[in-house]
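Excluded from the calculations below are hydrogen atoms, water molecules and symmetry mates; all remaining heavy atoms, backbone and side chain alike, are included.
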Number of protein chains: 2
Amino acid sequence: MNSFIIKGTFVHTLTKEKFEIKKDSYLVVIDNKVINIFDEKPKQYSQLELIDYTGKLIIPGLIDLHVHASQYRFRSSGMSLELLDWLNTYTFPEESKFEDEKYAKKIYSTFVNELKYGATTRACIFGTLHANATLILMDELENSGLISYVGKVNMDRNSPEYLVETTEESIAATKFWLDEIKLKNYKRSKPILTPRFIPSCSDDLMRGLKEIQKSYNVPFQSHLSENEKEIEWVKELCPNSKNYGDAYNQFGLFGGSCKTIMAHCVSSTDEEIDLMKANGVFVAHCPESNINLSSGIAPVRKFLNKGLKVGLATDMAAGSSPNMIKSIAYAIQVSKLYWRLVDNTCPALSISEAFYLATKGSGEFFNNVGSFEKGYEFDALVIDDSDIAFSTEFSIEDRVEKFIYLGSSKHIVSKYICGTKIF
Amino acid sequence: MNSFIIKGTFVHTLTKEKFEIKKDSYLVVIDNKVINIFDEKPKQYSQLELIDYTGKLIIPGLIDLHVHASQYRFRSSGMSLELLDWLNTYTFPEESKFEDEKYAKKIYSTFVNELKYGATTRACIFGTLHANATLILMDELENSGLISYVGKVNMDRNSPEYLVETTEESIAATKFWLDEIKLKNYKRSKPILTPRFIPSCSDDLMRGLKEIQKSYNVPFQSHLSENEKEIEWVKELCPNSKNYGDAYNQFGLFGGSCKTIMAHCVSSTDEEIDLMKANGVFVAHCPESNINLSSGIAPVRKFLNKGLKVGLATDMAAGSSPNMIKSIAYAIQVSKLYWRLVDNTCPALSISEAFYLATKGSGEFFNNVGSFEKGYEFDALVIDDSDIAFSTEFSIEDRVEKFIYLGSSKHIVSKYICGTKIF
């Protein structure tokens, strides 16, 4: 448990609508959590160490609500296909390699290293169907200081013979994986149930996963309404479901008592959106991924207007990298094109709204995470933007916007996750 | 005049449709121009110095067909407005500062320095209406080794009182600027006539510029059909023009004997496209700018199908930076959304097509520039992509795609422009 005072210029979003900026202020952390931000150095905490980042911007860590660690190697290549062809051509062959634990260690350690020194502080991550490789990923994440939910993927149908389980194998491997995690006593790596998507998972498997979800009390993540052909396929596979979301919901795996993230939601109908709202499902918005696989643009403004829980995600390797800074820029950019090209009743996201999605929006999945409010776990990026030419001549809001479009890991000079200094 | 042999892996696009890749080959440059690429070290040139970049990728330099140097300072900020409001709120106040030559020197030297160490080898650049500041920009460019066309901007109507000329002043200042350039004997910085856009320029000014264009024999650049309100405004201002392009064409300033670049062309009608084709007008495609100012997506596939001359551009500061690598990625990305959201008869750009736009497409404006064909001026970027994780395990095509999405100036270890080594 760490306690200290940090001095710097704090920028966060209590609400989506605007930034709160505390220039040259003092943030007190006690036992890893924020006490408050003070204009003057607070005398009552004079015994605490003061860490001085005067002149630097300090923002909450960015939280990636949907990313595929196993796709790291081929990120930024092979993005000329749509979802189903892309899975068969690039993704499934690559994921099959993770049966080899040495290969898993090589790729996952490189992936985790990039996350560690980048803007991401927490993430919800897909592994592969291999339980041991997924444990290796969780070991690497645990050692890095990053906080994560990680899923062993389930797939027992409509999958290539080199990357598929029987229903029984999938359920047994999932239990084995969860039991191993209990023995490991991770502090930071947590499991999350991860059936790939409805087309890859039989009804029996989904029923089995629901039993596991209840008995192990774990959350749930999957994909929803990303691509038109995928949605048509789900309709064929689940003729009795009202919509794609209902195909999860019929098994009790769509929010409610089962804390759930659904990635994409590009083509969600109003009915599906209402079901997500009623069940408190988190939407992981993946703006760059939805461009790269020609999926389209998710109607984020509608989600926000209806009060859905929405976070931001890279979805690497359909997103070109695990860089969450770029995801904020893409979220703003696609929302402008959505307004211009799709629906002019949906105004573009403001900078603070997109920033909120990447911090407090995604952070809500981790409970009190994503801002510097009292009681929130202290995740922070300390940013030196002095090499973004003339940055210091600008307002704090403008400096944040410049960081969103021009910033990279080289600007992050220090990073804290739940009160622990990572570097 | 420089002559040498370069060894490395060469990647370029003779045609849009595919990359030509010459692995571990020898490119001979004599008197700044490409002789050929040889599989083996050519004995007949054994007297030439051999520069060994084995293992590195060598691609043509990227050519930015439309960028505003004077907007460098506020790049990546203030992008929440559409064109006309953005000009009045951010751009015009900033451009007015370039009356101060010290200010011009400060901003332009920093801008040129970023270009020099980035992926851009040549550019077509807007200055401001200030002739002396524009000469400072041209001095900086000349000294950097970059090759450029640079324009003193003309604006004599519908402009703020702090950034406007009378018609006579505008014409006199343009002549003064062109006469000064003759005295300077630049080798690399060339002038290009640059009325801001139709709304900023009276008929008398346009007639005067046509006279100057003929007598000084200079090319021409401006903006076309970027934003809906702008287009409506041009219709009001030019009731006798058939379209926005025709409003330039009526003055003889739209291709033909007047070599012309038109930036944007987001909402060009078929009639306007046909006029560009007939007159050989170059389109400067500015994909990120057109997102950031919510302008939309230019129908590049249509331009290519009709055989227009098309190049790529950043349009900083409506584009977030002068980084042409990102522009290639954005060109691919917006073409996917155009196919998905606007017109499914227009397939997305392939990687080689977008690469071509940034090299040989833009390069055509500079004549034989943008590929490694015989007789082409040798512009090249030497790329070390070894820190893009696992890059060497991939095919050359995949490495190029990874560079497009993940590359930055730090990967450019050497740069040549017209046979001269820049670094």
Practice task
Mind checking side chain to side chain contact (heavy atoms under 4.5 Å, CB included) for K18(A) and listing every partner two or more places apart, or none if nothing turns up?
Solution key: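 For K18(A), no residue satisfies side chain to side chain contact (heavy atoms under 4.5 Å, CB included) once neighbours in sequence are set aside.
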Exercise for the section: Mind running side-chain hydrogen bond (donor to acceptor under 3.5 Å, both in side chains) on S320(B) and E288(B) for me, showing each step along the way? Expected result: CA-CA 8 Å; S320(B) 62; E288(B) 194 204 356; 2.8 Å; yes
Is there any residue in [range] with a non-hydrogen atom under 4.5 Å from a non-hydrogen atom of chain B, and which ones are they?
| range | value |
| --- | --- |
| residues 326-333 of chain A | K326(A), Y330(A), Q333(A) |
| residues 336-344 of chain A | K336(A), L337(A), W339(A), R340(A), L341(A), V342(A) |
| residues 403-412 of chain A | Y405(A), L406(A) |

Handout entry: Side chain, backbone, both or neither of E393(A) within contact of chain B (heavy atoms, under 4.5 Å)
Key =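 When you check distances to chain B, atoms from both the backbone and side chain of E393(A) fall under 4.5 Å.
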Practice task
Please look at T110(A) and chain B and tell me whether the side chain, the backbone, both or neither of the residue comes under 4.5 angstrom of a heavy atom of that chain.
Solution key: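 Interface part for T110(A): side chain.
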Practice task
Taking the six-membered ring for Trp and the single ring otherwise, decide whether the centroids of F98(B) and Y108(B) are under 6.0 Å apart.
Solution key: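 Close enough - the centres of the two rings lie under 6.0 Å apart.
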Practice task
Tell me whether the centres of the aromatic rings in H66(B) and H223(B) are closer together than 6.0 Å.
Solution key: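 So the answer is yes for these two rings.
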Atom [atom1] of [X] and atom [atom2] of [Y]: how far apart are they, to the nearest 0.5 Å?
| X | Y | atom1 | atom2 | value |
| --- | --- | --- | --- | --- |
| E226(B) | S268(B) | CD | OG | 11.0 Å |
| M79(B) | F74(B) | CE | CZ | 10.0 Å |
| T89(B) | F92(B) | OG1 | CZ | 10.0 Å |
| C286(B) | I291(B) | SG | CD1 | 11.5 Å |
| I396(A) | I21(A) | CD1 | CD1 | 6.0 Å |
| N88(B) | L81(B) | CG | CG | 10.0 Å |

Problem - Polar side chain donor-acceptor pair, S289(B) to D315(B), under 3.5 angstrom - result: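 Result is yes, a qualifying pair exists.
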Under 4.5 Å from any heavy atom of chain A, what part of [X] do you find: side chain, backbone, both or neither?
| X | value |
| --- | --- |
| A348(B) | neither |
| S295(B) | backbone |
| R75(B) | both |
| E228(B) | side chain |
| S294(B) | both |

Problem - Winner by heavy-atom pair count (cut-off under 4.5 Å) against chain A, out of R73(B), R399(B), K106(B) - result: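 With the most close heavy-atom pairs to chain A, the winner is R73(B).
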Exercise for the section: Give the member of N290(B), N292(B), I297(B), I388(B) that has the highest number of heavy-atom pairs under 4.5 Å with chain A. Expected result: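 The candidate making the most pairs under 4.5 Å is N292(B).
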Practice task
Considering non-hydrogen atoms only, spot the tightest contact between F355(B) and V11(B) and give its length.
Solution key: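 Where F355(B) meets V11(B) most closely, the heavy atoms are CZ-O, 4.0 Å.
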Exercise for the section: Examine distances only and state if a side-chain atom of T13(B) and a backbone atom of S352(B) form a donor-acceptor pair shorter than 3.5 Å. Expected result: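 Not confirmed, T13(B) side chain does not pair with S352(B) backbone.
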Exercise for the section: Let me see the working for E95(A) and Y90(A) under side-chain hydrogen bond (donor to acceptor under 3.5 Å, both in side chains), right down to the final yes or no. Expected result: CA-CA 9 Å; E95(A) 290 196 11; Y90(A) 297 103; over 6 Å; no
Problem - Ionic contact status for K116(B) with E140(B), cut-off 4.0 Å - result: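 Between K116(B) and E140(B) there is no salt bridge, as every charged N stays at least 4.0 Å from the carboxylate O atoms.
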Exercise for the section: Find out whether the Lys NZ or Arg CZ of K402(B) is both under 6.0 angstrom from the six-membered ring centre of F394(B) and within 45° of the ring's axis. Expected result: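 Ring-cation test returns yes.
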Practice task
Apply side-chain hydrogen bond (donor to acceptor under 3.5 Å, both in side chains) to the pair E230(B) and Y244(B), showing each step before the final yes or no.
Solution key: CA-CA 10 Å; E230(B) 170 211 19; Y244(B) 193 161; 2.6 Å; yes
